[in-house]
Amino acid sequence: MEVLYSSTRNSGLKITASQAILKGLSDDGGLFVPDHIPALDRPLKELAGRPYRDIAYEVMKLYLTDFTEEELKTCIERAYDSKFDTKEIVPVTEAEGVYYLELFHGSTIAFKDMALSILPHLMITSAKKNHVKNEIVILTATSGDTGKAALAGFAGVEGTKIIVFYPKNGVSPIQEKQMVTQKGSNTYVVGIRGNFDDAQNGVKAIFNDRQLAGEMEAAGLQFSSANSINIGRLVPQIVYYVYAYAQLLHDGKISDGEKINVVVPTGNFGNILAAFYAKNMGVPIGKLICASNENKVLYDFFTTGKYDRNREFVLTSSPSMDILISSNLERLIYRIAGDDAGKNTQLMESLSKAGSYEITEQMKVQLSDFYGGYASEEETAKRIKEMYENTGYIIDTHTAVASAVYRKYVAKTGDKTVTVIASTASPFKFSRSVMHAIDGKYDTMSDFELVDELSEIGKVPVPGAIEEIRTAPVVHDHVCDKTEMKTVVKRFLGID
Ligand SMILES: *Cc1c(COP(=O)(O)O)cnc(C)c1O
């Protein structure tokens, strides 16, 4: 059955998947949502043991219904290939009786690669299908990982340009080095004096700037978004939850139909929303455990029903989760409002004006699949150290937030359900915080000494993505104020 996409702020709108991928964000400021969540059309036990790419096709074909089989399979083959450093694409590693779904084996060693290695191909295919002649300009705000993953995905892709904004003092040194060394004449990287939300708000404002859109059109250009709000990001993320279940089934770790819990270290709410979609497609998922760091807006939301961004922004050791506005939550809000765009718009307006909103009791009841938890900086560091000492397995700071939240959840509820934790980054990407957590004696080492030491004590080779930037020259050194973002964009595009 065909799936069309509506906006969370206009349920009357119906566009195709390829149109939604091209646009990124709806003109009304809303996010695109499928008009229904399709059910898996094959039993999970049939998918057990099947390669990642096959499962990717089985899941994505149900959402991208205007793509031909050949188009979609070509996109999948181009994305999930030797860019990944393991044949499995997403290995499932058992530690302390819990399954870590390693989403960090792509070209930038973080989970954003899962979607961003396929998005450029989905986008170019979408452009062709819709007879778009304009050059596509990807505009992205990043808290670190999206930026590099998007740059790596789009660099050198004909018919596209990519501009990435990141908070100058809000990403790790390695994340920054990864971005500012990005090659490709169609790439542009800018640090802003502000935090991630400033960068994201600036990008949203540029997207909604009608006058600028007109100037772009006249110059044969049009914007699209690689941010996690793009439906072309969300759909590929559903795949690995289906894959994880199929894999556990194949390995005899669960029986057919047995429920699993899923824990996701959460920032913008994209990854956990994909797990929610997987559940609604028929994957037997019990609890969706939403793990936050000290920026615990989502924990507060799930415990009280009130979303309130009016609080101090904390810089933590899990910077990709340092977010006070979780954009993808809007898709969940729309759904629990009964696909009521008016109600959702009202709440989102309250968020933008007052910085907060509160959902009704009726909406709250529908959140029972979710459990919100958070971990302090201290708990996160302790978890990394304990895990290393117990098992020798080294997890990154984001994964450690999830692992710590999971331990607290079990202590509180006694829930023994088989559990999958989304492991969102390689520890090499956050080696300073990870090594500090294991032992303070590493603090005096340089970034690359830490990388080598981590490889030594964890008995894992240094990933290619890190080796690459050891000596790479810095090619982007632009910094601007948050008020200057539009000017910077126009200058880069040559329309100032
Ligand atoms: C982006 C990111 C997250 C948060 O994912 P969301 O989809 O934004 O919730 C968690 N961990 C890492 C390493 C990330 O890069």
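Counting starts at 1 for both ligands and their atoms, in listed order.
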Pairs under 3.5 Å, nitrogen or oxygen of ligand 1 with protein nitrogen or oxygen:
{"unit_1": "ligand 1", "atom_1": "7 (O)", "unit_2": "G270", "atom_2": "N", "d": "3.1"}
{"unit_1": "ligand 1", "atom_1": "7 (O)", "unit_2": "N271", "atom_2": "N", "d": "2.9"}
{"unit_1": "ligand 1", "atom_1": "8 (O)", "unit_2": "N268", "atom_2": "N", "d": "2.7"}
{"unit_1": "ligand 1", "atom_1": "9 (O)", "unit_2": "G267", "atom_2": "N", "d": "2.8"}
{"unit_1": "ligand 1", "atom_1": "9 (O)", "unit_2": "N268", "atom_2": "N", "d": "3.2"}
{"unit_1": "ligand 1", "atom_1": "9 (O)", "unit_2": "F269", "atom_2": "N", "d": "3.0"}
{"unit_1": "ligand 1", "atom_1": "11 (N)", "unit_2": "T424", "atom_2": "OG1", "d": "2.8"}
{"unit_1": "ligand 1", "atom_1": "15 (O)", "unit_2": "K112", "atom_2": "NZ", "d": "2.6"}
{"unit_1": "ligand 1", "atom_1": "15 (O)", "unit_2": "D145", "atom_2": "OD2", "d": "2.4"}

> Can the ring centroids of F111 and F104 be said to lie less than 6.0 angstrom from one another?
Replying inline: no
> Near K364 NZ, under 6.0 Å, is it more than 12 heavy atoms from other residues, nucleotides or ligands?
Replying inline: yes
>> Heavy-atom count check: over 12 atoms from other residues, nucleotides or ligands less than 6.0 Å from H121 NE2?
In response: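 More than 12 heavy atoms, drawn from other residues, nucleotides or ligands, come within 6.0 Å of this atom.
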> Looking only at heavy atoms, which two atoms of T397 and T380 are closest? And how far apart?
Replying inline: O-CG2, 3.4 Å
> Would R432 and D447 satisfy salt bridge (Lys or Arg N to Asp or Glu O under 4.0 Å), going step by step from the backbone distance to the final call?
Replying inline: CA-CA 7 Å; R432 181 160 300 279; D447 285 335; 3.1 Å; yes
> Which pairs, with at least one residue in residues 379-398 and sequence neighbours excluded, count as a ring pair (Phe, Tyr, Trp, His ring centres under 6.0 Å)?
Replying inline: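 Passing the test, one end in residues 379-398: Y100-Y393, H398-F430.
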